[in-house]
There are 2 protein chains.
Amino acid sequence: MRIGELSRRTGVPTRLLRYYEEQDLLRPERGANGYRSYAESAVADVRQIRGLLDSGLTTEMIRAILPYLGGPGELHPPAECVTPQTAALLQDHLLRIQSRIDCLTRNRDRLSAYLAAVRPQSGGR
Amino acid sequence: MRIGELSRRTGVPTRLLRYYEEQDLLRPERGANGYRSYAESAVADVRQIRGLLDSGLTTEMIRAILPYLGGPGELHPPAECVTPQTAALLQDHLLRIQSRIDCLTRNRDRLSAYLAAVRPQSGGR
DNA sequence: CTTGACCTTCACACTGATGTCAGACTCCGA
DNA sequence: TCGGAGTCTGACATCAGTGTGAAGGTCAAG
């Protein structure tokens with residue numbers, strides 16, 4: 001699919017899709033006319049990238065971990081290609097992600113408890 | 001305490017402490033000489049702010065929820081002061097935080113699974 | 001062939017978070 | 001009283017992510 005369709009299907013402006021490519025997060029094929037050509041899986045990839053960006057990861061961090069985040073049946077870099085340095089880097093990212101989760105969870109619970117205390121009757125909207 | 005000590009005790013540059021004040025996240029007193037004077041609790045406040053910023057929240061979002069995140073014994077705005085609009089806003093922030101948690105958790109699990117597969121001998125941390 | 005929708009690259013601009021520097025003031029100790 | 005450390009404000013710089021527009025190429029429908 002071309003960039004416009006991918007944009008429509010993900011809600012992400014074409015500008016950003018090009019930017020993600022520049023940042024090496026997406027790697028569309030190119031047609032003979034120079035147009036980008038995305039695989040079907042790019043839709044999920046873009047959603048993945050957006051979620052991570054929204055969660056405070058930088059494109060650099062995402063670039064580092066993206067190859068290892070594929071779904072269950074996907075191709076990952078095989079173990080032989082993962083140097084101890086890379087593994088250490090991933091481990092480090094993992095810790096950072098975990099600390100973000102901890103912080104957000106802690107504050108979600110606090111906020112949630114406060115809301116519950118303030119509107120004990122509220123059953124949502 | 002003055003800004004330098006707060007900076008040393010939190011590891012956050014004075015520049016940022018002033019920025020957080022500008023963003024209305026901190027409200028130090030002012031001495032007769034114009035110097036900022038922080039309460040002891042500011043240390044915890046700054047750590048809280050840093051954690052939330054690192055987790056991808058903007059100062060705007062933090063400003064919105066910060067008054068409601070105090071520890072168990074702390075003073076919160078009482079229920080009478082919380083309009084339905086405010087409550088709805090907080091509920092909205094809560095959802096956003098939850099979706100970040102979900103995204104990060106998903107990716108933590110994937111990354112973690114990958115690492116476990118690649119280095120089966122490693123016992124995690 | 002023309003038009004319009006889509007695509008290309010390039011470039012400038014903005015925002016939010018942060019770094020850095022300059023010039024001036026306060027305070028404290030030698 | 002002087003000097004240095006700390007503080008003040010204000011301004012400019014940087015970086016990532018994003019918005020926007022110009023100038024032009026591709027292509028299908030009329």
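Note on naming: letters A, B, ... go to the chains in the order of the sequence lines (proteins, then strands), and numbering restarts at 1 for each one. In this text, all values refer to a predicted model and were calculated from it rather than measured experimentally.
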Checking A:Arg50 against A:Tyr20: is there a side-chain donor and acceptor pair closer than 3.5 Å?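 Yes, a side-chain donor-acceptor pair sits under 3.5 Å.
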Answer yes if the side chains of A:Glu60 and A:Thr58 hold a donor-acceptor pair under 3.5 Å, and no otherwise. no
Consider the side chain of A:Arg18, meaning its heavy atoms from C-beta on, and name the nucleotide among C:dT18, C:dT9, D:dC8 that approaches it most closely. C:dT9
Measuring from the side chain of A:Arg36 (C-beta onward, heavy atoms only), which nucleotide among C:dT9, C:dG19, D:dG19 has the closest atom?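 Out of C:dT9, C:dG19, D:dG19, the nucleotide with an atom closest to A:Arg36's side chain is C:dT9.
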Check this one for me: any side-chain N or O of B:Tyr19 less than 4.0 Å away from OP1 or OP2 of C:dT18? no
Look at the side-chain N and O atoms of B:Tyr20 and state whether any lies under 4.0 Å from the OP1 or OP2 oxygen of C:dT18. yes
Could you state the [atom1]-[atom2] distance from [X] to [N], rounded to the nearest angstrom?
X	N	atom1	atom2	result
B:Asn33	C:dC27	CG	P	4 Å
A:Glu21	D:dT18	CD	C1'	17 Å
B:Ile62	C:dA17	CD1	C1'	11 Å
B:Leu6	D:dT7	CG	P	10 Å
B:Arg50	C:dA17	CZ	P	10 Å
A:Glu60	D:dG17	CD	C1'	14 Å
A:Leu17	D:dG17	CG	P	14 Å
B:Ile3	C:dT26	CD1	P	18 Å

Just how far is it from atom CG of B:Leu94 to atom CG of B:Leu89, taken to the nearest 0.5 Å?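 Separation between the atoms: 11.5 Å.
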5'-most by nearest nucleotide on DNA chain D - B:Arg30 or B:Arg8: B:Arg8
Assert: residue with more 5' nearest nucleotide on DNA chain C, out of A:Thr14 and B:Thr59, is A:Thr14
Residue whose nearest DNA chain C nucleotide is more 5′ - B:Thr58 or B:Ala32: B:Thr58
Does B:Leu6 share a hydrophobic cluster with B:Tyr35, counting links as ILVMFWY side-chain heavy atoms below 4.5 Å and allowing steps through other members? no
Determine whether a donor-acceptor pair (one donor, one acceptor, N or O, separation below 3.5 Å) exists between the side chain of B:Arg15 and the base of C:dT20.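 Under the 3.5 Å cut-off, the side chain and the base do form a donor-acceptor pair.
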Decide yes or no, distance alone: a donor-acceptor N/O pair under 3.5 angstrom between the base of D:dG25 and the side-chain of A:Tyr35.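 Pair found.
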Does the pair B:Arg106/B:Asp109 count as a salt bridge with the N-to-O cut at 4.0 Å?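 No, this pair does not count.
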Contact class for A:Arg2 (heavy atom, under 4.0 Å): base, sugar-phosphate, or nothing?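 Sugar-phosphate contact only.
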